[in-house]
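Accompanying notes for the structure given below.
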Amino acid sequence: QHNPHWWGNRNTIVHLFEWKWSDIAQECENFLGPRGFAGVQVSPVNENIISAGRPWWERYQPVSYKLTTRSGDEEEFGDMVRRCNDVGVRIYVDVLLNHMSGDFDGVAVGTAGTEAEPGKKSFPGVPYTAQDFHPTCEITDWNDRFQVQQCELVGLKDLDQSSDWVRSKLIEFLDHLIELGVAGFRVDAAKHMASEDLEYIYSSLSNLNIDHGFPHNSRPFIFQEVIDHGHETVSRDEYKDLGAVTEFRFSEEIGNAFRGNNALKWLQSWGTGWGFLPSGQALTFVDNHDNQRDAGAVLNYKSPKQYKMATAFHLAYPYGISRVMSSFAFDDHDTPPPQDAQERIISPEFDEDGACVNGWICEHRWRQIYAMVGFKNAVRDMEITGWWDNGDNQISFCRGNKGFLAINNNLYDLSQDLNTCLPQGTYCDVISGSLIDGSCTGKSVTVNEHGYGYIHIGSDDFDGVLALHVDAKV
Ligand code: QV4
């Protein structure tokens, strides 16, 4: 279940974190489809507990499998999936199979109005009772398999996936989403569940819905959240054959490199050469909704120049199943998504350049990022060739004769003739501008009959990347 079922030559997923279903439907039609995005990871769809101040993470505390949240209800969800599929954009749902909500004083009321008593492990909306859960205990030793898989992750009531009843309810929930036309799932906290139980659940799922354009016998795409920094008792290897696995080492290492802790020349062996999973098993990202909130090596939108360089490298280098993060602005771990006085999530608004303005960051609408989604589509299936570096933080490489990328993360200019591997002609740099009405609004590069062109990226240029490809040839 490693096939994401992308349409045409598309190959990038965007996580529209906390967006409403009606906004995603419009985004598919107005932006993602036309720009060649392959799919959207959406926030959890099932009913969750309501926490004071409405932090984003309340959605990781399920109350039932009714499809009503602050992002919308089942009808709106179904409408979004259909409209996105209609324009060739797949939907992947973040699903919580590991647990229900954490403790709550007395009776909780969820986002669909269902009552639950998490303290008693009573979730009548499913229904689950205490016998469907593992006994309560805390994870204190992350290298103790029993604790990691049978105790409670931050106090969240831990379901027993070896039980027939729990399995049947989880399968029913996932099959319901498949019926509605989704292409697959991000499995939250997969590391906290035994791989045998997950294997049973995944293999019991229905095929994807042919009424939504999936070929007969298509299996749901699965990508599992397993954080494995290496040398861990519960490792990514136990899950990688069941579906793709989030490759957190990719995120940490790309952050390190573009923060200048590791010379970019070493990226020549990027991928399995760095100890990452095989390409087809690795879900890759510069940052995700959790680690963008942690201080450390991981880059996020708050360091835009480095972030755009790292993203360009991510999307240009042929490794992994790529996911781009689309965030809302945050100050701390608990900052809620943009919301109104009634605590309803608000819709993104755009300025004349299409950038988001009202608390949504929308990295996927930054030209330097969506242009690289187009680059990745244009160079699909081409090998990496012609690697060049200056022995330090200036690099360039080709994707066959279809695309060329150069990066300058040194504090001095990159100015020289480089092999672009492209056919002779003039190409627009899709980072500093676009090809509009036959001319470039940003930099352009003239490639001679030998494939060489003069490349200039000043150390104080707005962006440290230059990208050329055959779909942006003048
Ligand atoms: C608090 C205490 C606990 C205590 C508990 C007891 O901190 O020590 O045991 O009370 O009552 C929120 C609060 C957290 C609180 C918890 C339970 O932040 O302080 O515990 O609720 O009330 C998200 C957030 C969490 C949030 C959780 C549930 O990140 O902060 O917890 O949602 O709302 C490991 C895992 C990995 C996990 C990662 C964060 O291996 O699987 O930690 N990542 C996924 C998601 C992540 C999500 C969860 C798992 C849980 O990506 O977003 O956590 O579904 O690495």
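Every number for a ligand or one of its atoms is a count from 1 in the order of the listing.
- Here E138 has no heavy atoms under 4.0 Å from ligand 1, in either its backbone or its side chain.
- Distance screen at 4.0 Å: atom 19 (O) of ligand 1 has no protein heavy-atom neighbour inside the cut-off.
- The single protein non-hydrogen atom nearest to atom 42 (O) of ligand 1 is L153 CD1, 4.2 Å, given as residue, atom name and distance.
- Geometrically, R365 does not engage W360 in a cation-pi contact defined by less than 6.0 Å to the ring centre and at most 45° from the axis.
- With a 4.0 Å cut-off on non-hydrogen atoms, Q224 does not touch ligand 1 at all.
- Ring geometry for W19 against H364 counts as perpendicular: the plane angle is over 60°, on a 0 to 90° scale with 30° as the lower cut.
- Shortest contact from atom 30 (O) of ligand 1 to any protein heavy atom: H333 CE1, 3.0 Å.
- For the pair Q61 and ligand 1, the shortest N or O to N or O distance falls below 3.5 Å.
- Note: H469 and F375 have perpendicular aromatic rings, judged against thresholds of 30 and 60 degrees for the angle between ring planes.
- The closest approach between any non-hydrogen atom of R293 and ligand 1 is not below 4.0 Å.
- With hydrogens left out, the protein atom closest to atom 43 (N) of ligand 1 is E225 OE2, 2.8 Å, a heavy atom.
- Which parts of ligand 1 touch G155 is read off a 4.0 Å heavy-atom cut-off, strictly below it: atoms 9 (O).
- Given atom 11 (O) of ligand 1, the protein heavy atom at minimum distance is D103 CB, 4.5 Å.
- Closest to atom 29 (O) of ligand 1, if we only count protein heavy atoms, is W56 CH2, 3.4 Å.
- Checked by distance only, ligand 1 and K191 stay at 3.5 Å or farther apart across all their nitrogen or oxygen atoms.
- Ring pair Y319/F276 is tilted by interplanar angle, where 30° to 60° counts as tilted.
- Between Y60 and the choices D94, N98, D188, the side-chain hydrogen bond (donor to acceptor under 3.5 Å, both in side chains) rule is met once, by D94.
- On a distance-only criterion, W57 and ligand 1 share at least one N/O pair closer than 3.5 Å.
- Ligand 1 is never approached by F248 to a heavy-atom distance shorter than 4.0 Å.
- Under 4.0 Å from ligand 1, not a single heavy atom of R59 appears.
- Within a 4.0 Å radius of atom 8 (O) of ligand 1, the protein contributes no non-hydrogen atoms.
- Near R186, with a cut-off below 4.0 Å to any heavy atom, the atoms of ligand 1 are 45 (C), 51 (O).
- Contact annotation: for H99 versus ligand 1, heavy atoms closer than 4.0 Å belong to the side chain alone.
- Considering Q1, Q281, E199 as possible partners of D241, the one that fulfils the side chain to side chain contact (heavy atoms under 4.5 Å, CB included) test is Q281.
- Ligand 1 has no atom lying under 4.0 Å from any heavy atom of G102.
- Side chain to side chain, D287 and Y301 fail the donor-acceptor criterion of an N or O pair below 3.5 Å.
- Residue, atom and distance of the protein heavy atom nearest to atom 55 (O) of ligand 1 are I227 CD1, 3.2 Å.
- The closest side-chain donor-acceptor pair between Q150 and D160, if any, does not fall under 3.5 angstrom.
- Proximity annotation for atom 15 (C) of ligand 1: of D188, D290, V154, V154 comes nearest, heavy atoms only.
- Counting atoms of ligand 1 from 1 in the listed order, those under 4.0 Å from a heavy atom of A189 are 41 (O).
- A side-chain donor from one of T140 and Q147 sits under 3.5 Å from a side-chain acceptor of the other.
- Two rings, from F17 and H15, have their centers less than 6.0 Å apart.
- At under 3.5 Å, a nitrogen or oxygen of H192, whether backbone or side chain, sits near a nitrogen or oxygen of ligand 1.
- Closest heavy-atom approach to atom 32 (O) of ligand 1 within the set F104, Y60, W142: this belongs to Y60.
- In this structure, atom 35 (C) of ligand 1 has protein heavy atoms in its sub-4.0 angstrom surroundings.
- A side-chain donor-acceptor contact under 3.5 Å links Q224 and Y202.
- Side-chain contact check for S204 and R167: no donor-acceptor pair (N or O, by modelled atom type) lies under 3.5 Å.
- For NE2 of H231, the number of neighbouring non-hydrogen atoms (other residues, nucleotides, ligands) closer than 6.0 Å is 12 at most.
- Within the 4.0 Å heavy-atom cutoff, E152 does not count among the residues contacting ligand 1.
- When only modelled atom types and interatomic distance are considered, Q339 and R54 share no side-chain donor-acceptor pair under 3.5 Å.
- For R90 and F221, the positive end is not near the middle of the six-membered ring at less than 6.0 Å and at most 45° from its axis.
- A distance of 6.5 Å separates NE2 of H314 from NZ of K376, quoted to the nearest 0.5 Å.
- The side chain of L156, and not its backbone, has at least one atom closer than 4.0 Å to an atom of ligand 1 (non-hydrogen atoms only; side chain from C-beta on).
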